[in-house]
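Order of appearance sets the numbers: ligands from 1, and atoms from 1 within every ligand. Below, each value reflects all heavy atoms present in this structure, side chains not excepted, and no hydrogens, waters or symmetry copies. This structure is a prediction, so every number in the text was calculated from the model and none was measured.
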Amino acid sequence: MTTTITKSASDLSLDLSQKVIDGKAIAKALRQELAKEVRELKESAGITPGLAVVLVGEDPASGVYVRNKTRACVEVGIRSAQHILPDSTTEAELLSLIDTLNADTEIHGILVQLPLPSHIDQATIIEAISAQKDADGFHPYNMGRLLTGCPTLQPCTPLGVMHLLKSAGIKCAGKDAIVIGRSNIVGKPVAVMLLGQNATVTLCHSKTVNLEKKIAAADIVIAAIGRAEMIKGAWIKEGATVIDVGMNRNAEGKLCGDVEYAEAVKRAAHITPVPGGVGPMTIAMLLKNTVTAARLIHKV
Ligand code: NDP
């Protein structure tokens with residue numbers, strides 16, 4: 001029988017016999033804490049954190065993400081501004097909007113929904129966003145701060161992964177952690193964060209050999225590949241912690257992760273489900289970054 005971890009991240013008095021890490025409930029608890037913090041910021045300093053979300057084009061999945069992010073802002077009391085631009089928007093027009101948002105004193109966080117249409121250079125846009133308002137934490141300045149051990153605004157999904165580990169009472173120090181996937185938005189930053197928590201980290205990718213053997217030796221497995229159930233449950237070490245970032249559709253069209261959950265859950269001590277694991281944490285961390293940005297900008 002499996003039980004579920006649902007408590008707030010700040011409540012570390014968890015029953016560690018609990019196995020399934022409930023990201024939905026942990027994210028909800030975090031949003032409640034943020035709502036309280038936003039109320040206090042308004043009362044004590046007259047500051048309402050503001051997030052601008054920019055969407056270029058009509059990608060349906062991106063449209064859903066943007067609506068969810070806006071709804072979550074409203075729920076915690078963050079001022080939110082949506083900028084929905086047509087697919088024909090030029091890079092110069094988008095840069096001009098970013099300039100305006102960089103200068104807007106009511107906006108503390110700016111998020112440009114990725115991917116962008118192919119005629120717009122993603123790196124140019126990310127670098128144009130003020131590093132102080134970089135709600136996604138993708139700006140090279142913030143990435144550099146993370147790498148040098150002085151993090152400010154950090155990428156949301158990796159932050160969410162670390163929050164889940166903390167909520168589950170997992171101590172990273174001295175553990176062998178493996179990250180599968182080396183993207184700038186998930187794999188690389190989460191590897192750096194694990195290192196920052198004194199884990200010994202192996203970072204794997206599509207050219208890695210003997211992946212199965214490496215996973216079998218790991219105490220903490222972070223899967224961020226984007227391939228339905230590629231990591232077999234039998235590869236997981238007994239008692240390991242498994243955080244599955246993957247969001248895929250299986251052959252039946254059902255949402256699933258990168259890990260073969262039905263088998264992995266029998267071996268892992270702690271595991272995140274898909275959906276309901278990492279996914280809800282990403283938006284919660286975006287809200288947290290917006291509040292952090294407002295605090296940094298106003299020095300409160
Ligand atoms: P990318 O496609 O950018 O990166 C995938 C990584 O997986 C690459 O580093 C790639 O290696 C590696 N990879 C691919 N095939 C293999 C293989 N056979 N063995 C080992 N490694 C492999 O994906 P993202 O990082 O953007 O996303 C990863 C997953 O996480 C996706 O399913 C995505 O939907 C999900 N996601 C979920 C979020 C959430 O909020 N829940 C947020 C962001 C992402 P190489 O570099 O060599 O190509």
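Residues L286 and I47 share a single hydrophobic cluster, defined by chaining ILVMFWY side chains whose heavy atoms lie under 4.5 Å apart.
Contacts of E263 classified as salt bridge (Lys or Arg N to Asp or Glu O under 4.0 Å), with partners at least two apart in sequence or in another chain: K266.
Annotation for ligand 1: atoms under 4.0 Å from non-hydrogen atoms of A224 are 5 (C), 6 (C), 7 (O), 28 (C). Below 4.0 Å from some heavy atom of T157 lie the following atoms of ligand 1, by number and element: 40 (O), 42 (C). The I185 neighbourhood of ligand 1 comprises atoms 26 (O), with distances under 4.0 Å to a heavy atom of that residue. Which parts of ligand 1 touch T282 is read off a 4.0 Å heavy-atom cut-off, strictly below it: atoms 39 (C), 40 (O). For ligand 1, the atoms sitting less than 4.0 Å from at least one non-hydrogen atom of N248 are 32 (O), numbered in the order shown with element in parentheses.
With atom 4 (O) of ligand 1 as the reference point, the heavy atom nearest to it among S206, S183, C204 is part of S183. Of the options I225, I283, I180, the smallest heavy-atom separation from atom 5 (C) of ligand 1 is shown by I225. When the options G181, P158, A61, P155 are ranked by their closest heavy atom to atom 12 (C) of ligand 1, first place goes to G181.
Remark: distances from the non-hydrogen atoms of M230 to ligand 1 include one below 4.0 Å. Put simply, part of G279 is less than 4.0 Å from ligand 1, judged by heavy atoms. Taking 4.0 Å as the cut-off, T208 does not count as a neighbour of ligand 1 on heavy-atom distance.
Counted by atom type alone, K69 and Q113 present one or more donor-acceptor pairs between their side chains at under 3.5 Å. Judged purely by distance below 3.5 Å, without hydrogens or angles, the side chains of K254 and N250 never pair a donor atom with an acceptor atom. Defined by atom type and a distance below 3.5 Å, a donor-acceptor pair is present between the side-chain atoms of T152 and N142.
M285 pairs with exactly one of T290, V161, L159 by the side chain to side chain contact (heavy atoms under 4.5 Å, CB included) rule, that one being L159.
Between K207 and ligand 1, a contact under 3.5 Å exists for no N or O pair. Among the atoms of M247, some N or O lies under 3.5 angstrom from an N or O of ligand 1. Between R182 and ligand 1, an N or O atom pair is found at a separation short of 3.5 Å.
Ion pairing between a basic and an acidic side chain is recognised when a charged N comes within 4.0 Å of a carboxylate O; E33 and K28 show no such pairing. In summary, K36 and E40 engage in a salt bridge, as defined by a charged side-chain N under 4.0 Å from a carboxylate O.
Residues P273 and Y261 share a closest heavy-atom pair of CA-CE1, 3.7 Å. When all heavy atoms of K175 and I220 are compared, the closest pair comes out as CB-CD1, 4.0 Å. Taking each heavy atom of E91 and I125 in turn, the nearest pair found is CG-CD1, 4.2 Å.
Looking only at distances, no side-chain donor or acceptor of D258 sits under 3.5 Å from a matching main-chain atom of E229.
What sits closest to atom 35 (C) of ligand 1 on the protein, heavy atoms only, is V245 O, 3.4 Å. Residue, atom and distance of the protein heavy atom nearest to atom 21 (N) of ligand 1 are H205 C, 3.1 Å. Shortest contact from atom 29 (C) of ligand 1 to any protein heavy atom: G226 N, 3.7 Å. Of all protein heavy atoms, the one lying nearest to atom 15 (N) of ligand 1 is R227 NE, 3.2 Å. The nearest protein atom to atom 44 (C) of ligand 1, hydrogens excluded, is given as V186 CG2, 3.9 Å; this is a heavy-atom distance.
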